[in-house]
Amino acid sequence: MMETRPDPASPELVMRAAPDLSVVVPLYDEYDNVQPLLSALRRALDPVPWTYELVLVDDGSTDGTRQLLTDAARRDPRIRVVLLSRNFGQTAAMAAGFDVCRGRRVVTMDGDLQNDPSDIPRLVDALEDGFDVVCGWRRDRQDRAFSRKLPSRIANRLISMFTGVRIHDTGCTLKAYRSWVVRKLHLYSDMHRFIPALAAGVGGRVREMPVKHHARRYGTSKYGIGRIFRVLTDLLVVRLLVRFASHPVRYFGLISFPLFFVSFGFILLGLLKFGDGKGVRFLVSWDISYITCGVLTLVTALNLFLLGLLCELSVHVSGFFQHAGRELVDTGDHS
Ligand code: UDP
Ligand code: MG
């Protein structure tokens, strides 16, 4: 008798094999948004021919979101839920989702339905055109003009200038990635918005696409104007990571080696005596001011060099820049 093969789109099979797509959604106190979000995601993804999983990360909600998510995961094997023990912030929640997601393509979006799941298929299709990151661009953004849109415009300009990645809207969570981009990232603070810059730093191809944006219907935004300062400091860190990451000690060396020479110059000046008609004489006087300058410069140079070594060590421990930028292409049949 012929064995009946299970339907490849059956939820049980999706559970076992790595799905084509993982959708990672951070949620913090989004009780009223959970059901509409799940329905909208199913409406958007059920018609497309890919297998998918929804990785919903509860970021320490206290309004019943956790229970709703847990129930949803019990009912639908395509839903996987990560419960964080307290509120860690959106970036940490997304990082927790990246840790467990298994899809070959990964999409991130907000859990408050400001992003529209119906944009997901277009973004993922664009990945197939050879891009590693496709960023949503909220061209018609539905947030307050003065406290949200204006600071975001300024921040986006700065970010694009500093990182060299020319996109309009780094803050839009709706983005699609090839999975290698998000696998090895070590994200903290508000850094999820800089994933495109980090990816571009290892040769990833980035593009943007206009997406829909809706005003929040339920619940409240978790952010105020204070976010702009976090974003700016993160920007400096990311700039540093992208520029120096592959060999930090070289860059620190570039500054510290000239300083070594300057310090020796100062010390020598402090130990020489000239201008008394007897030529240049060595070790006859100790000019304490030159020697102090020399020693201070020497200590600075040494510190910089050691700092470079420490950075080198941390880059090796984090592993992102060793392992990122590789994608395995095969038949995808691992079951
Ligand atoms: N979020 C989170 N942890 C937080 C803050 C926000 O998981 O500490 C989630 C939130 O539930 C939403 C997404 O991140 O799904 C975006 O947050 P929000 O809508 O407050 O940001 P805004 O759209 O106002 O920029
Ligand atoms: Mg929102």
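Order of listing sets the numbers, starting from 1, for every ligand and every atom in it. Keep in mind that the numbers below use all heavy atoms, side chains included, and drop hydrogens, waters and symmetry copies.
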- Between Asn156 (side chain) and His168 (backbone), is there a donor-acceptor pair under 3.5 Å? yes

- Message: I want to confirm something. Looking only at heavy atoms, which of Phe88, Tyr223, Tyr28 is nearest to atom 17 (O) of ligand 1?
- Response: Tyr223

- Note on the structure: Of all protein heavy atoms, the one nearest atom 18 (P) of ligand 1 is Arg216 NH2, 3.7 Å

- Task: Please say whether Glu30 places an N or O atom under 3.5 Å from an N or O atom belonging to ligand 1.
- Result: yes

- Does Asp143 pair with Lys149 as a salt bridge, N-O distance under 4.0 Å? no

- Message: To check your reading of the model: name the closest protein heavy atom to atom 9 (C) of ligand 1, its residue, and the distance in Å.
- Response: Pro26 O, 3.7 Å

- Message: For atom 24 (O) of ligand 1, what is the closest protein heavy atom, and at what distance to 0.1 Å?
- Response: Ser221 OG, 2.6 Å

- Just wondering, is there an N, O or S atom on Gln114 that's nearer than 2.8 Å to the Mg ion (ligand 2)? yes

- Item | Distance-only side-chain donor-acceptor flag, Thr300 / Asn303, under 3.5 Å | no

- Message: Under 4.0 Å from a heavy atom of Asp112: which atoms of ligand 1 are those, numbered in the order shown and with their elements?
- Response: 15 (O), 19 (O), 23 (O)

- Query: Should Arg148 be listed as contacting ligand 1, given a heavy-atom distance under 4.0 Å as the test?
  - Reply: yes

- Query: Which of the atoms of ligand 1 are close to Leu27, meaning less than 4.0 Å from one of its heavy atoms?
  - Reply: 7 (O), 11 (O)

- Query: Should you measure from each heavy atom of Lys222, which atoms of ligand 1 turn up under 4.0 Å away?
  - Reply: 5 (C), 6 (C), 20 (O)

- Can we say Asp125 and Arg122 salt-bridge, meaning some charged N sits less than 4.0 Å from an Asp/Glu carboxylate O? no

- Are side-chain heavy atoms of Arg216 and Asn33 found at a separation under 4.5 Å? yes

- Is it true that the NZ or CZ of Arg205 lies under 6.0 Å from the centre of Phe131's six-membered ring and within 45 degrees of the ring axis? no

- Item | Partner of Met209 by side chain to side chain contact (heavy atoms under 4.5 Å, CB included), out of Asp119, Leu123, Leu174 | Leu123

- Note on the structure: Counting from 1 in the order shown, the ligand 1 atoms closer than 4.0 Å to a non-hydrogen atom of Asp110 are 13 (C), 15 (O), 16 (C), 23 (O)

- Message: Can you tell me which portion of Thr173 lies within the under-4.0 Å heavy-atom range of ligand 1? Options are side chain, backbone, both, or neither.
- Response: neither

- Please report which non-hydrogen protein atom sits nearest to atom 4 (C) of ligand 1, along with the residue it belongs to and the distance in Å to one decimal place. Asp59 OD2, 3.4 Å

- Charged N to carboxylate O under 4.0 angstrom, Asp46 versus Arg78? yes

- What atoms in ligand 1 come closer than 4.0 Å to a heavy atom of Asn87? 3 (N), 4 (C), 8 (O)

- Query: Asp140 and His213: side-chain donor and acceptor closer than 3.5 Å?
  - Reply: no

- Message: Polar contacts were defined as any N/O atom of the residue lying under 3.5 Å from an N/O atom of the ligand; does this apply to Gly111 and ligand 1?
- Response: yes

- Message: I'd like to check whether Arg141 has a polar contact with ligand 1, where a contact means an N/O of the residue lying under 3.5 Å from an N/O of the ligand.
- Response: no

- Minimum-distance protein heavy atom relative to atom 23 (O) of ligand 1: Gln114 OE1, 2.9 Å

- Any side-chain donor near an acceptor of the partner, Ser179 and Arg104, under 3.5 Å: no

- Query: What N/O/S atom of Asp112 gets nearest to the Mg ion (ligand 2)?
  - Reply: OD2

- Please tell me if the side chains of Glu30 and Lys222 come closer than 4.5 Å, counting only heavy atoms from C-beta onward. yes

